[in-house]
Amino acid sequence: MKPSPISASVDFTRDGVQHGFLKLPYSRDDAAWGAVMIPITVVRNGDGPTALLTGANHGDEYEGPVALTKLAATLVAEDVRGRVIILPFMNYPAFRAGTRTSPIDRGNLNRSFPGKPDGTVTEKIADYVQRHLLPLADYVLDIHSGGKTLDFLPFAAIHVLDDKGQQERCEAAMQAFNAPYSMRLLELDSVGMFDTAAESAGKVFVSTELGGGGSATAKSVAVADRGVRQFLIQAGICAGRIERRDTVTLDMPDGDCYVTSLHDGLLEMCRDLGDAVDKDEVIARVHDVTRTGVAPVEYRARRGGILAARHFPGLIGRGDTLAVVAEIVG
Ligand SMILES: [Zn+2]
């Protein structure tokens with residue numbers, strides 16, 4: 001395969017703290033020989049495990065960028081055994097635009113793995129992470145939230161994996177992150193995801209959904225701050241004691257967890273995040289916005305459980321995920 005066009009200004013093998021960039025050449029109207037400069041921090045102290053911490057895989061999700069920016073500014077080499085690679089704004093063009101996908105190529109980074117060295121800007125980022133960063137890592141934490149169009153209960157998540165030993169290590173890392181909720185996540189389509197790339201490479205991988213709506217709250221950032229620290233302790237990279245608070249374990253056993261809107265219209269939620277819902281209970285109504293005097297369409301939970309995610313904006317479109325009902329398993 002062709003070499004990546006991305007070059008790192010940091011030396012991943014050097015001890016100490018380095019703040020630098022991944023430089024991705026990007027020729028455009030306002031900069032003929034310009035580049036996308038993706039900030040990166042590497043903190044290394046001798047041999048030991050490596051953690052790769054990423055935020056803004058989607059550009060409108062903010063707990064990761066906030067927590068990782070703070071970590072990059074404060075983590076010192078003496079705190080570390082091994083190495084921490086911090087990429088707070090992984091899809092940097094999308095992050096700067098405040099959008100889920102890249103304004104350059106509309107690339108959704110979390111659907112672009114393994115990427116292409118000679119592809120679009122987003123595919124080049126994916127390829128660099130896949131071939132140059134993932135091989136360095138033992139532990140990978142990718143911090144997501146709902147972005148502008150979804151809102152979630154704050155949870156850390158793992159997937160069910162074929163390799164049960166690997167799944168146990170992921171589960172232990174998720175428990176160490178210790179979000180208020182812990183989720184065994186069912187993806188409707190896992191092709192091209194960073195999760196799949198990291199899990200296929202045998203890494204201990206944890207992702208999160210910590211909130212949403214296109215901003216972060218004091219509460220959701222606190223979950224991220226604490227989770228990142230405890231993830232590094234669990235990895236054996238930072239010293240300290242893991243403080244375990246109660247976490248509610250959730251499961252999404254099948255596609256019935258998802259409620260999809262079949263109508264365009266005005267969304268009226270009848271239940272909020274964290275509410276218990278019964279099977280067939282009305283959880284939302286969608287009102288016709290083209291005329292008055294029309295009864296709304298009722299949307300019902302397809303299973304009992306807890307409302308774990310919802311469509312965030314007040315208007316909803318046909319095909320949008322309206323809600324996710326998860327099962328409480330512990
Ligand atoms: Zn995301």
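Position 1 is the first residue of the sequence, and the numbers go up from there. Given the structure is predicted, the values throughout are model-derived calculations rather than measurements. Start at 1 and go down the list; that is how both ligands and their atoms are numbered.
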Report the residues that fulfil ring pair (Phe, Tyr, Trp, His ring centres under 6.0 Å) with Tyr139, sequence neighbours left out, ordered by chain and then residue number.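 None.
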
Is it the case that the ring center of Phe177 lies less than 6.0 angstrom away from the ring center of Phe231? no

Output all residues satisfying salt bridge (Lys or Arg N to Asp or Glu O under 4.0 Å) with Asp272, sequence neighbours left out; order by chain, then residue number. none

Residues passing the salt bridge (Lys or Arg N to Asp or Glu O under 4.0 Å) test with Arg245, sequence neighbours excluded, are Glu243

Check whether any side-chain heavy atom of Arg100 sits under 4.5 Å from a side-chain heavy atom of Glu61, and report yes or no. yes

Output, by chain and residue number, all protein N/O/S atoms separated from the Zn ion (ligand 1) by less than 2.8 Å.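 His58 ND1, Glu61 OE1, Glu61 OE2, His144 ND1, with waters left out.
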
Ion pair check, Asp47 and Arg44, cut-off under 4.0 Å: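 The answer is yes: the pair qualifies as a salt bridge.
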
